[in-house]
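For reference, the structure is listed below as structure tokens.
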Protein chains: 2
Amino acid sequence: MRLTAFTDYCLRALIFVALKGDEPATIDEIAEHHRINRNHLVKVVFRLGQLGYLHTSRGKGGGIRLADHPAKLSLGKLVRQTERDFALVECFQEHDCQCVIEPACVLKGALRTALAAFLEVLDKYTLADLVRPSRNLARLLAVPAA
Amino acid sequence: MRLTAFTDYCLRALIFVALKGDEPATIDEIAEHHRINRNHLVKVVFRLGQLGYLHTSRGKGGGIRLADHPAKLSLGKLVRQTERDFALVECFQEHDCQCVIEPACVLKGALRTALAAFLEVLDKYTLADLVRPSRNLARLLAVPAA
DNA sequence: TATAACATATATATTAAATATATGTTCAAT
DNA sequence: ATTGAACATATATTTAATATATATGTTATA
């Protein structure tokens, strides 16, 4: 059971942008400081922009800013949007369920409950929680703390 | 976020074997009734034997039996063993963690807590719970209920 | 001794994910 | 106006994981 690297990179990008506060961040900057392949971040920033988490501005002096306060960004909500799906087992995808016992299956319910518990925990966290150790994070990323 | 089909097939195989009660099941039988590729089940049964969940006997008249009562088989324990890993993000694998902010990362803890909540729910279920609707399951699988 | 049934390894195909490349658009500074 | 910084978007390639297939061996019983 894994999350995609894409989700992971989304979170790291957001942590960086949040640490910079009002000053805009750029893709190149995130790539360099987090040591993440630039191409990944191009996709990540694009998607986070589409989802409304980032305000992006093009052109010289442009860059990326958070659309809202870090405390307003729920981890659970974000993960739900960046993961492709949460199809723990085949039958979670109503279309294309080939499982013979699906109509009497208890397992499906058990896994749904477990998944709900997983996401509920993440719902309790915000981006603000993630950047709480801002001094240490800033040092690790070699950025001036906001 | 997904479980592997392997884990899914393990569970379905166990449900079948549990439904047959004392009578041994065979790989061919499970494949036919569950409509799962026989090759998958060869691996699944082999592994479940290794893990001690199944007693297998070779030769004519051989087959598969549960090693213990269904109520003794914990879903959480099983899933922990059949999933390759639970490396939600890179840093979960202590070796080979490239993440720059790992030492000050709050996310890691959040995900660990969420994962624990997920598995805790599964710990509450046993194979006996899964075969509770035995009449219906037997009908769907076209097996005589035990 | 023939056959049913599991044991085990390995090879191939498919799919998803990760990585790379390419081109376009916008904006501001000069 | 022109240049270049920076995001926008699509697509292609590579890699890795998963699913599927094949092959051969071992055991036990009729």
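The analysis underlying the following values was restricted to heavy atoms, covering all of them including side chains, and did not include hydrogens, waters or symmetry mates. Protein chains get the first letters and strands the later ones, always in sequence-line order, with residue 1 at the start of each.
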- How are the rings of H33(A) and F16(A) set to each other: parallel, tilted or perpendicular (split at 30° and 60°)? tilted
Contacts satisfying salt bridge (charged side-chain N to carboxylate O under 4.0 Å, His left out) that involve residues 34-52 of chain B (not counting sequence neighbours) are D28(B)-R38(B)
Taking distance alone, no hydrogens or angles, what donor-acceptor pairs closer than 3.5 Å link side-chain atoms of residues 57-72 of chain A to residues at least two apart or in another chain?
residue : atom : partner : partner atom : Å
S57(A)  : OG   : G63(A)  : N            : 3.3
R65(A)  : NE   : D22(A)  : O            : 3.0

In 5'-to-3' order, the base (B), backbone-only (S) or no-contact (-) status of each nucleotide in nucleotides 1-9 of chain D, using a 4.0 angstrom heavy-atom cut-off, is ---BBBBSB
By side chain to side chain donor-acceptor pair (under 3.5 Å), Y9(A) pairs with (sequence neighbours left out) none
For R132(A), the side chain to side chain donor-acceptor pair (under 3.5 Å) test, sequence neighbours excluded, returns D129(A)
When rounded to whole Å, the CG to C1' distance for the pair N39(A) and dT15(D) reads 15 Å
Between NE2 of H55(A) and C1' of dT26(C) the distance, given in whole Å, is 17 Å
Sequence neighbours excluded, the answer for side chain to side chain donor-acceptor pair (under 3.5 Å) partners of R84(A) is none
Check the phosphate of dA17(D) against R2(B), side-chain N and O only, distance under 4.0 Å to OP1 or OP2. Yes or no? no
Whole-Å distance, N37(B) CG to dT22(D) C1', equals 12 Å
Here the distance between atom P of dA16(C) and atom CE of M1(A), to the nearest Å, is 20 Å
When rounded to whole Å, the CZ to P distance for the pair R35(A) and dA18(C) reads 20 Å
Taken to the nearest whole Å, CG/L41(B) to C1'/dT22(D) is 16 Å
Between CG of L3(B) and P of dA17(D) the distance, given in whole Å, is 17 Å
Whole-Å distance, H40(B) NE2 to dA11(C) P, equals 19 Å
